[in-house]
Amino acid sequence: MSDHTPWLIVGLGNPGPEYASSRHNVGAMVAAELGVRIGARFGVHKRGRADIAEGRLVEQRVVVAVPRSYMNESGGSVKALLDFYKIPFDRLIVVHDELDIDFSTLRVKFGGGDNGHNGLRSVRSAIGSGDFFRVRVGIGRPPGRQDPAAFVLKPFAAVERKELPTLVGSAADSIESLISDGLDDTQSRFNS
């Protein structure tokens, strides 16, 4: 594989202003931060059915994408972008919310199941593999008996919103580290 092969970084979320600040959209928030870091505007990639920004991150070519479909249908967009740019799975990074990790905590990993996450399930199903990098952004479990499906669609609590820029920045830092330093170094730095 040549150095010209880009990395595809996909921030999962749901489209539309009503979901923009929800916990489920933290992946899309990280993608927006990466767009700022590479100094690129997002535009529509019609074939990929996604908003994308292209540029360089830690001296590597990257395509940052946010699918325009709902979370549970995001795999089609990811597959279309992988095919369009001829990107192998080991250069795919999917950023998503994670209920089973405390808020403001990150976990970076390669491979694994979908852990009940509809976005990951869609991606795995569409590309026929789970062999890609994941940046799991902790949002914590819902309080009391609140339904997790409702919890992820709600905005972050006021106290969480204060910490959110730091969390999003750390997730973006972990992606830079993953691309430049590899998985082991990144996990030892970010998997708190």
Side-chain angles (χ1 to χ4, degrees), residues 7-44 50-60 62-68 70-71 74 77-78 92-109 115 117-120 123 133-143 146 148-181 183 185-192:
W7 286 81
L8 176 60
I9 305 162
V10 179
L12 295 182
N14 283 316
E18 68 272 31
Y19 296 112
S21 62
S22 74
R23 292 178 175 92
H24 225 16
N25 274 42
V26 74
M29 294 173 197
V30 175
E33 168 63 21
L34 290 170
V36 170
R37 290 185 185 196
I38 65 175
R41 274 209 158 104
F42 282 85
V44 179
D51 293 324
I52 67 156
E54 295 184 63
R56 296 186 80 72
L57 190 66
V58 291
E59 298 175 24
Q60 293 280 325
V62 295
V63 178
V64 181
V66 179
R68 301 194 89 167
Y70 285 97
M71 179 76 81
S74 48
S77 176
V78 174
L92 169 62
I93 303 169
V94 176
V95 190
H96 63 91
D97 59 301
E98 182 62 67
L99 280 166
D100 290 330
I101 300 174
D102 290 340
F103 174 74
S104 84
T105 305
L106 295 175
R107 294 275 188 281
V108 181
K109 66 182 267 191
N115 204 23
H117 193 287
N118 290 333
L120 283 180
V123 171
F133 292 100
R134 298 102 187 276
V135 174
R136 304 160 69 207
V137 183
I139 61 168
R141 301 288 305 167
Q146 189 177 353
F151 176 73
V152 299
L153 296 177
K154 285 191 163 50
F156 285 96
V159 67
E160 293 170 329
R161 282 197 299 274
K162 287 190 181 104
E163 283 184 59
L164 194 55
T166 303
L167 176 61
V168 166
S170 293
D173 291 345
S174 77
I175 292 165
E176 290 189 14
S177 172
L178 186 57
I179 291 171
S180 64
D181 304 326
L183 182 61
D185 283 358
T186 301
Q187 286 178 324
S188 65
R189 279 180 62 201
F190 291 93
N191 287 14
S192 42

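The structure presented is a predicted model; accordingly, all values stated were derived computationally and were not measured. The figures here come from the full heavy-atom set of this structure, side chains too, leaving out hydrogens, waters and symmetry mates.
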Q | Beyond-backbone contact of Leu99 with Pro142, side-chain heavy atoms, under 4.5 angstrom | A | yes
Q: Answer whether the closest heavy-atom distance between the side chains of Val62 and Leu34 falls below 4.5 Å.
A: no
Q: Dump the intermediate steps for side-chain contact (heavy atoms from CB on, under 4.5 Å) on Arg134 and Leu120, then the final yes or no.
A: CA-CA 9 Å; Arg134 298 102 187 276; Leu120 283 180; 3.9 Å; yes
Q: Decide yes or no for Ile52 and Val44: does some side-chain heavy atom of the first lie under 4.5 Å from some side-chain heavy atom of the second?
A: no
Q. Is a salt bridge present between Asp173 and Arg37, judged by a nitrogen-to-oxygen distance below 4.0 Å?
A. yes
(Q) Does Val30 form a side-chain contact (heavy atoms from CB on, under 4.5 Å) with Val135? I'd like the steps, not just the answer. (A) CA-CA 10 Å; Val30 175; Val135 174; over 6 Å; no
Q | Passing candidate, side-chain contact (heavy atoms from CB on, under 4.5 Å) with Val137, options Asp97, Leu12, Leu106 | A | Leu106
Q: Can you measure from CG (Asp181) to CD (Gln187) and round to the nearest 0.5 angstrom?
A: 12.5 Å
Q | Atom pair CD (Glu98) and NZ (Lys109), whose distance is rounded to the nearest 0.5 Å | A | 8.0 Å
**Q.** Enclosure of Glu18 CD (heavy-atom neighbours >12, cutoff 6.0 Å)
**A.** yes
**Q.** Side-chain heavy-atom pair Pro148, Arg141 within 4.5 angstrom cut-off
**A.** yes
Q.
Is it the case that the side chain of Thr105 and the backbone of Ile101 share a donor-acceptor pair, with hydrogens and angles ignored and the cut-off at 3.5 Å?
A. no
Q. Could you state the interatomic distance from CD1 (Ile175) to OG (Ser180), rounded to the nearest 0.5 Å?
A. 12.0 Å
Q: Take His24 and His117, measure what side-chain contact (heavy atoms from CB on, under 4.5 Å) needs, and give me the verdict at the end.
A: CA-CA 10 Å; His24 225 16; His117 193 287; 4.0 Å; yes
Q: Give the C-alpha distance, both sets of side-chain angles, the deciding distance and a yes or no for side-chain contact (heavy atoms from CB on, under 4.5 Å) between Leu57 and Ile9.
A: CA-CA 11 Å; Leu57 190 66; Ile9 305 162; 4.2 Å; yes
Q | Backbone of Met71 reached by a side-chain donor or acceptor of Asn14 within 3.5 Å | A | yes
**Q.** Donor-acceptor pair, side chain of Arg136 and main chain of His96, under 3.5 angstrom
**A.** no
Q: Determine the minimum heavy-atom distance between Gly13 and Asn25, stating which atoms define it.
A: CA-OD1, 3.4 Å
Q) Considering only heavy atoms from C-beta outward, does the side chain of Val10 approach that of Pro67 to under 4.5 Å? A) yes
Q: Could you tell me the separation between the CE atom of Met29 and the CZ atom of Arg23, rounded to the nearest 0.5 Å?
A: 10.0 Å
Q.
Using modelled atom types and a 3.5 Å cut-off, is there a donor and acceptor pairing between side-chain atoms of Arg161 and backbone atoms of Phe156?
A. yes
Q: Could you pull out all residues at least two apart from Thr186 that satisfy side chain to side chain contact (heavy atoms under 4.5 Å, CB included)?
A: Val108, Ser174, Ser177, Leu178, Phe190
Q: Say whether, by atom type as modelled, one donor and one acceptor occur between the side chain of Glu160 and the main chain of Ala157 under 3.5 angstrom.
A: yes
(Q) If I compare all heavy atoms of Ala65 with all of Leu8, which pair ends up nearest, and what's the gap? (A) CB-CD1, 4.1 Å
Q) If every non-hydrogen atom of Ala32 is compared with every non-hydrogen atom of Phe42, which pair is closest and at what distance? A) CA-CE1, 4.1 Å
Q | Nearest-0.5 Å distance that lies between atom OG in Ser21 and atom NZ in Lys154 | A | 12.0 Å
(Q) Is the shortest side-chain heavy-atom distance between Ser104 and Glu163 below 4.5 Å? (A) yes
**Q.** Plane angle bin for Phe133 and Trp7 - parallel if under 30°, tilted between 30 and 60°, otherwise perpendicular
**A.** tilted
**Q.** Closest non-hydrogen atom pair between Ile38 and Gly55, with its separation
**A.** CD1-N, 3.7 Å
Q) Which heavy atom in Phe151 sits nearest to a heavy atom in Pro143, and how many Å separate them? A) CE1-CD, 3.8 Å
**Q.** Nearest heavy atoms of Ala172 and Glu33, plus distance in Å
**A.** CB-CG, 3.7 Å
